[in-house]
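We number each residue from 1, following the sequence as shown.
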Amino acid sequence: MSTQHQITFDRHEAEVPSSLISDSLASAKHTSYWLDNEHRPEPSASLHGSITAELLIVGGGYTGLWTALQAKERDPQRQVVLIEGQRIGWAASGRNGGFCEASLVHGEANGANHLPKENALLAELGAQNLDEFEAAVQKYAMDVDFVRQGSLSVATEAHQIAWAREEAESSGVDFLDEQQVKTVINSPDFLAGALDHQSTALVHPAKLAWELARVCRELGVEFYEHTHALEISDAGDTVQVLTAGGSIMAERVALATNVFPSLLKRHRARIVPVYDYALMTEPLTEEQRAAIGWEQMVGLADMNNRFHYSRPTIDAHGNFRILYGGYDAVYHFGRKVRSSYDSNQATFNKLAAHFFGSFPQLSGVKFSHAWGGAIDTCSRFFSFFDLTHGGKVAYCAGFTGLGVGATRFGAKVMLDLLSGEKTELTELELVRTKPIPFPPEPAAWLGVKIMTNHLVKADHHEGKRSVFLKFMDKIGMGFDS
């Protein structure tokens, strides 16, 4: 095996002054930048008493909202009710990076590993889904800061330059050498890049949730927030869902609870919560903006196993800011989802060191927000589905951090499943197969730790995956951040 070497971000952690890091984070709010908005809608009333519905949706994130919208598009007269345990878009839908990607399978390589016979078709369906997403934004005049200018993958290590060239073999992707990539985004770390012009859009995550809810209400969807679903049971021709304050008898139910424990207990082992973190800068000055370039509103990611994602955004006052997140993916023993895990100072410090190392020309910038939250991770890194209770209940989860676009597709699949008819989507292997469950504790915790250590070693050995990683890839239990 080749000799382990220090990677770019190791050097940044060693070289960026701790005083610069602490000063930059001193006044950061530990809440999602996207949700910290004076225009955040007031929540709907909670449910008290018993009601009926033709279609009940459990979960007020992207998956549930897209399900409600598309159900009304298919049948405007259908009675659709959506319940949410807290507030619309408060969890992953309100705190992600806002990367809306065409891929339904967490990238072409991952799709080829898990669904090789279907990968090309899924790529077509993913591109179609992103086009339809954009069309819906335009049709309903959604104010979501939608920009579709693409994404830039950058090589920060010499061996990754060949990977950038390989990515650029795909249609619509340009290879950028070291000089060219710096004209797009100026960083001394960037050795090459692959600029994908079509497969990624950027959105304001919280606005997307709020605008989807607005459109759904205008189409007649009934909303109940602060209404936590406790139990689901078959009631013959209908399904009963009990909540803390009442109950709903529904002809069909779509479960869209993401990382939170499913009402279908048999799927709880298929999801583990992994915590992801991000920073948002305060507005850049004109000089700082000129120093970094970034004239195109493109998303940015590096090519490491533990990768960073970054993107520009324009705030309500017309100021340019940068979101910077990723790298650490933290799993806590016991697979609990807890608000206390949403803040992680060690990771915030690490991200700040990496940011200033990559963009030394921004060394005076402060961070206004530093936040985190749980991602619903499954062993194949993309969504899975189920149909239970005699075809009356559909379930979808497992997006693993790439759900901004794919949740719309997942909602479409659930509606097809609940229709009782065979469609192109219901017959997909993607839909008919399930990811391998995670083992119980302490095996899950130990497994994640071992996997993470091997991924770190791969980054330090020119991306070469160990025998252990290759074996786990082969059996469908790979792990990525």
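Taking 4.5 Å as the limit, every side-chain heavy atom of Glu101 sits out of range of all side-chain heavy atoms of Ser151.
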Please walk me through it: do Lys117 and Glu429 pass salt bridge (Lys or Arg N to Asp or Glu O under 4.0 Å)? CA-CA 9 Å; Lys117 295 179 181 178; Glu429 189 179 352; over 6 Å; no
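Annotation: the span from Asn110 atom CG to Arg380 atom CZ amounts to 9.5 Å, rounded to 0.5 Å. The distance from atom CD1 of Ile88 to atom CZ of Arg217, rounded to the nearest 0.5 Å, is 6.0 Å. Note that CG of Leu56 is 5.0 Å distant from CD1 of Ile248, once rounded to the nearest 0.5 Å. The structure places CG of Leu208 at 11.0 Å from CG of Asp143, a figure rounded to the nearest 0.5 Å.
Remark: of the listed residues Tyr62, Trp66, Tyr140, Trp66 is the sole one forming a ring pair (Phe, Tyr, Trp, His ring centres under 6.0 Å) with Phe133.
For the residue pair Ser343 / His30, a side-chain donor-acceptor distance below 3.5 Å is found, with atom types taken as modelled.
Counting only distance, with no hydrogens or angles, the side chain of Thr426 and the backbone of Lys422 share no donor-acceptor pair below 3.5 Å. Side chain of Glu108 to main chain of Ala123: no donor-acceptor pair is present (N/O by atom type, distance under 3.5 Å, no hydrogens or angles). With hydrogens and angles ignored, the 3.5 Å screen pairs no side-chain donor or acceptor of Ser419 with any backbone N or O of Leu417.
With sequence neighbours left out, Asn344 forms a side chain to side chain contact (heavy atoms under 4.5 Å, CB included) with Tyr277, Val330, Ala346, Thr347. With sequence neighbours excluded, the residues satisfying side chain to side chain contact (heavy atoms under 4.5 Å, CB included) with His369 are Lys29, Thr31, Tyr33, Asp36, Met280, Trp371. Checked against side chain to side chain contact (heavy atoms under 4.5 Å, CB included), Lys449 has the following partners two or more places apart in sequence or in another chain: Trp445. Ala109 pairs by the side chain to side chain contact (heavy atoms under 4.5 Å, CB included) definition with nothing, not counting sequence neighbours.
Ring geometry for Tyr309 versus Phe99: interplanar angle over 60°, hence perpendicular rather than tilted (30 to 60°).
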With a cut-off of 3.5 Å and sequence neighbours excluded, list every side-chain donor-acceptor pair involving residues 77-84.
{"residue": "Gln79", "atom": "OE1", "partner": "Glu54", "partner atom": "N", "Å": "3.4"}
{"residue": "Gln79", "atom": "NE2", "partner": "Thr52", "partner atom": "O", "Å": "2.9"}
{"residue": "Gln79", "atom": "NE2", "partner": "Glu222", "partner atom": "OE2", "Å": "3.2"}
{"residue": "Glu84", "atom": "OE1", "partner": "Gly60", "partner atom": "N", "Å": "2.6"}
{"residue": "Glu84", "atom": "OE2", "partner": "Gln86", "partner atom": "N", "Å": "2.8"}
{"residue": "Glu84", "atom": "OE2", "partner": "Trp90", "partner atom": "NE1", "Å": "2.9"}

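For residues 194-223, every residue pair satisfying the ring pair (Phe, Tyr, Trp, His ring centres under 6.0 Å) rule, not counting sequence neighbours, is listed here: Trp34-His204.
The pair Arg270-Asp376 does not meet the salt-bridge criterion, since no charged nitrogen lies less than 4.0 angstrom from a carboxylate oxygen.
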